[in-house]
Amino acid sequence: MVSAFIGLVWWLIDNTVANLARQNVATGFGFLDNNTGFDINQKLIAYDETSSYLRLLLVGLLNTAIVSVLGILLATVIGFMVGLARLSDNWLVSKLAFIYVEIFRNLPLLIQILFWYVLLIELLPHPKKSFSLWEVFFLNNRGLYLPWFTTLPGGGYLLWVLGLFGAGWFYVAHKARKMRELTGHNKAYARNYILIGVICLGGYLSLWGVPFEADLPALKGFNFRGGLSFTPEFVALLVALSLYTASFIAEIVRAGVLSVSKGQFEAAKALGLPTSVSMNKVIIPQAMRVIIPPLTSQYLNLTKNSSLAAAIAYPELVSVFAGTALNQTGQAVEIIFITMSIYLFLSLLTSFLMNTYNARVALVEK
Amino acid sequence: MQQIIKWSRKNLFATRMNTLLSLVSLWLIYVTIDGVASWAFINASFLGADKASCIANPHGACWPFVTAKLNQFIYGNYPAGEQWRVNIVFALGALGLGLLMTGCISFKKQLAVLMLTAYPVLTFILLSGGLLGLSYVETNQWGGLLVTLVIAVTGIVVSLPLGILLALGRRSELPIIRMMSVVFIEFWRGVPLITVLFMASVMLPLFLPEGMNFDALLRCLIGVSLFASAYMAEVIRGGLQAIPKGQYEAGKSIGLSYWKSMRLIILPQALVISIPGIVNTFIGLFKDTTLVMIVGIFDLLGIISFHFTDPNWTSPQVPITGFVFAGLVFWVFCFAMSYYSKSVERRFSVTGENK
C-alpha cells in the first residue's frame with residue numbers, strides 16, 4: 001500500500017514536470033524578485049508597479065492580517081454581547097439574540113460579503129452627498145473616512161515610547177496583583193505608574209509642543225483626501241466577517257456560561273454580589289476554560305474566511321497573490337504552495353498553542 | 001390580560017435596567033420590521049418584464065427580476081425539454097430524505113444505504129444522460145440550484161465514508177496509516193476552501209498526463225469532497241473517542257476481526273453520537289458550495305450574480321434583491337438542517353437522562 005502511494009505521487013510529479021515543460025512555464029521561486037507591474041488600492045507598506053512579487057505577497061499578507069485582527073476584535077465584542085444577551089432574564093432581549101444567531105449563522109458568508117458590498121456600492125451616496133457625522137466622519141460609496149493624525153518630527157519616537165509605556169502597564173498590573181495576593185495589601189503601584197507617565201508626558205508636551213497634527217478628511221475634487229480611509233471592499237468584508245463569526249462566538253459563549261455549574265451562580269448570589277460582578281468575577285472566568293478552545297478555532301476560521309475577499313477584490317493574500325499574481329506569472333504550483341503554506345502554518349501554530357493551553361488548564365482543574 | 005401584565009412585569013420590566021433593555025429591543029424590532037417591510041413589500045415592484053418598474057421604485061426590492069429568471073436560477077442552462085430529468089432527481093431526493101427524517105418506517109437502514117449508493121448513481125445517469133436513450137447534457141449547461149445541490153450531495157456522499165475511513169485511520173495502531181491520516185486531515189483543515197478550489201482548477205490539470213482532462217465541475221467536486229472529508233473525519237473521531245473502551249474490548253473478546261467489530265459494534269454507536277456534528281458539517285459544506293462561484297462555476301449564487309449583467313435588468317436594486325433571494329434559499333436549507341440536528345440532539349439527550 002505504501003509503495004502504491006509512493007508510485008502515485010511519483011506519477012503525479014512526473015506528469016506535472018512534463019506539463020510544465022510543455023507549457024514553457026518557468027519553475028522555481030525566482031519570479032518573486034520580478035516586478036509585478038500593477039498597483040493595488042490598499043497597502044499598509046510602500047508598494048507600486050515596480051515592486052517585486054515578494055513585496056506583493058507581503059502587502060497581501062498585511063491586508064489579510066489587518067482585516068483579520070479588526071474582525072476578531074469586533075466579532076469577539078459582538079459575540080460576547082449577543083451570547084450573554086441570549087442568557088438574559090429579559091425575554092425580548094434573549095429572543096432577539098436568538099434570532100440574530102439563527103439568521104447570521106445559517107447564511108453563507110459569501111452571500112453576506114457580497115450583500116454588504118452591493119449595499120455600500122449601490123445605496124450609499126456619491127462623495128458630494130456623503131453621510132457625515134460632525135463633518136469629520138464621512139461615509140459614501142467610495143469608502144469610509146475617519147479623522148487621523150500625521151506625525152511631526154519627534155512624533156514617531158513619542159509613539160514608540162507611549163507604546164512601551166502601555167506594554168509596561170501589563171507588567172505593573174501583574175506585579176500589583178501578585179503583591180495583593182501575597183500580602184493582602186493594595187499597593188498603589190498602578191496609580192503611581194500612571195501618575196509618573198502623565199507627568200512625563202505633560203512635561204514633554206509643554207516643553208516641545210504636540211508633535212502631531214490633526215488630519216481631517218475633506219472633499220477635494222471628486223473624492224475625499226486626507227484622514228484615515230477604508231475602501232468599501234474593506235468595510236464590507238469586515239462587517240460580514242464580524243457579524244458572521246459573532247453568531248458562532250455567541251453560541252460558544254452561551255455554551256460556556258451554561259457549563260458553569262448552577263451552584264456557582266447561587267454562591268455568588270448568596271454572597272450578595274450584584275449580577276455584573278458575579279458575572280465578571282465568578283462566572284466568566286470559569287466559563288473561559290470552556291470558551292477559549294472553540295473561540296480560538298473561530299478566530300482561525302475568520303482568518304481563513306477572509307480569503308473570500310477574492311469575490312469582491314479586496315487585495316488580501318488569496319486575491320492578489322493566488323489570483324492576480326498567478327494569472328500574470330502562470331506559476332501555479334509555486335504560488336498555490338506558498339499561499340497554502342502560510343495558512344497551514346497559521347493553523348498548525350494555533351492548534352499547537354491550543355494544545356499547550358489545554359494541557360495547562362487541565363492541570364489547574366485537577 | 002392580567003396574566004399578560006404579570007408575565008411582562010416578570011420577563012420584561014423586572015428592574016430599571018430590564019425596562020430600558022426592553023424598550024431598546026422594542027425600538028430595534030420596530031426599526032427592523034419597518035425597514036424590511038417597506039423594502040420588501042411597500043416600496044417593492046412586483047410585476048414587470050424588464051427593469052422599467054424597478055427603476056420606477058428605487059427604494060424597494062425588484063422582485064420581477066427573480067420571477068423572470070427563476071427557471072435559470074433552478075436549472076441553469078439545462079435544456080428546457082430535458083428539465084423533467086432534474087425534477088425527477090429533486091423529487092426522489094426529497095422523498096427519500098423526508099422518509100428518512102420523519103419516517104417511522106421499518107426499512108430505514110436499507111433506505112439510508114440506498115440513498116448513499118443507488119441514488120447518486122441514478123442521479124448521475126439521469127442528469128448527464130448519454131445512456132438509456134437519454135440525450136447527453138454537458139455539465140457546463142448545468143447551473144443554479146441544481147449545481148448547488150449536486151455539489152452539496154456529492155460532498156456529503158463522498159465525505160461520509162471517506163471521513164469514517166480517515167477517522168479510523170487516525171486512531172489506527174499502524175503508525176504509517178495513522179501518520180498519513182493525520183497529515184491528510186490537518187492539511188485540508190488548515191487551508192481555506194478557496195485555495196483548494198484554486199488548486200483544483202489550476203493545478204489538477206497539471207498533475208494529469210497530456211490529453212487527459214477533467215470537467216470543471218468534476219474538479220470542484222473533488223476539491224469540495226476532499227475538503228469536507230477532513231472535517232467529517234474529525235467529527236467522527238470525536239464520536240469514536242466517546243465510545244467506552246469496554247466496547248472495543250468486548251468486540252475483541254468475542255473474537256471479531258477489526259473490521260467486523262468496527263462495523264457491528266463501534267461505528268453504529270459512534271455514528272449515532274456524532275449525528276449533530278455530522279449535520280453541522282453538512283451545513284458548513286452546503287454554505288461553502290457558494291465558493292465555487294469564484295472559480296467560475298454557475299451555482300445558485302453564481303448564476304444570480306451572472307444575471308446582474310443582463311442589460312435588461314440593470315438597476316441598483318437588482319443585485320440587492322438577487323442576494324436577498326439567494327440568502328433566503330440558502331437560509332431555508334441550512335435552518336432546516338440545523339433544526340433537524342437540534343431535534344436529534346434533544347432526542348438523544350432525553351434517552352441519556354433516562355439511563
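Keep in mind the model is a prediction, meaning the values are calculated, not measured. Each chain gets a letter, A, B and so on, in the order the sequences are listed, and its residues count up from 1.
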Fill in: Atom CG of A:Asp89 with >12 non-hydrogen neighbours under 6.0 angstrom
no
Practice prompt. State, yes or no, whether a side-chain contact exists between A:Leu114 and B:Met293 at a heavy-atom distance under 4.5 Å.
Written response: yes
Fill in: Exceeds 12 heavy-atom contacts within 6.0 angstrom, atom CD1 of B:Ile176
no
Discussion item. Quick check against the 3.5 Å criterion: does A:Lys304 have a side-chain atom that pairs as donor or acceptor with the backbone of B:Ile194?
Written reply: no
Discussion item. Can you tell me how far apart CZ (A:Phe321) and CZ (B:Phe198) are? Round to the nearest 0.5 Å.
Written reply: 12.5 Å
Fill in: A:Leu92 versus B:Ser22, closest heavy-atom pair with distance
CD2-O, 3.7 Å
Worksheet item: CD1 of B:Ile294 to CG of A:Leu308: how many Å apart, nearest 0.5 Å?
Response: 5.5 Å
Worksheet item: Taking every heavy-atom pair that is under 4.5 Å apart, which of A:Thr303, A:Ile335, A:Ile99, A:Ile103 has the most such pairs with chain B?
Response: A:Ile103
Fill in: Pairs of heavy atoms under 4.5 Å with chain B: top-ranked of A:Ala85, A:Pro108, A:Ser94
A:Pro108
Discussion item. I'd like to know if the side chain of A:Asn106 reaches the main chain of B:Trp331, judged simply by a donor and an acceptor atom lying under 3.5 Å from each other, with no hydrogens or angles considered.
Written reply: no
Worksheet item: At a heavy-atom separation under 4.5 Å, does B:Leu26 approach chain A through its side chain, its backbone, both, or neither?
Response: both
Worksheet entry | Per-residue contact mode, B:Phe333 against chain A (heavy atom under 4.5 angstrom) | neither
Discussion item. Testing the basics here: between A:Val118 and B:Pro319, what is the closest heavy-atom pair and its distance to 0.1 Å?
Written reply: CG1-CB, 3.9 Å
Item to complete: Check whether any side-chain heavy atom of B:Val196 lies under 4.5 Å from a side-chain heavy atom of A:Met340, and answer yes or no.
Response: yes
Worksheet item: If you measure from CD on B:Glu186 to OG on A:Ser351, what distance do you get to the nearest 0.5 Å?
Response: 5.5 Å
Item to complete: Check whether more than 12 heavy atoms from other residues, nucleotides or ligands sit under 6.0 Å from atom CZ of A:Phe337, and answer yes or no.
Response: no
Worksheet item: Any side-chain heavy atom of A:Lys95 sitting closer than 4.5 Å to one from B:Ser25?
Response: no
Discussion item. With a 4.5 angstrom heavy-atom cut-off, is it the side chain or the backbone of B:Leu291 that approaches chain A, or both, or neither?
Written reply: both
Worksheet item: What heavy-atom pair brings B:Gly327 and A:Leu107 nearest, and what distance separates the two atoms?
Response: O-CD2, 3.2 Å
Discussion item. Nearest 0.5 Å, please: how far is OG1 in B:Thr290 from CD in A:Gln112?
Written reply: 10.5 Å
Worksheet item: Run the salt bridge (charged side-chain N to carboxylate O under 4.0 Å, His left out) check on B:Lys342 and A:Glu251 step by step: do they pass?
Response: CA-CA 13 Å; B:Lys342 263 183 203 150; A:Glu251 285 296 276; 5.2 Å; no
Worksheet entry | Part of A:Ile13 within contact of chain B (heavy atom distance under 4.5 Å) | neither
Discussion item. Under a 4.5 Å cutoff for heavy-atom pairs, which residue among B:Ile304, B:Val202, B:Ile320 has the most contacts with chain A?
Written reply: B:Ile320
Discussion item. Taking atom CZ as the centre, does B:Phe335 end up with more than 12 heavy-atom neighbours from other residues, nucleotides or ligands that are less than 6.0 angstrom away?
Written reply: yes
Worksheet item: Between B:Val191 and A:Tyr343, what is the shortest heavy-atom contact and its length?
Response: CA-CB, 4.3 Å
Discussion item. Are B:Thr195 and A:Ser307 packed together at the side-chain level, in the sense that at least one heavy-atom pair is separated by less than 4.5 angstrom?
Written reply: no
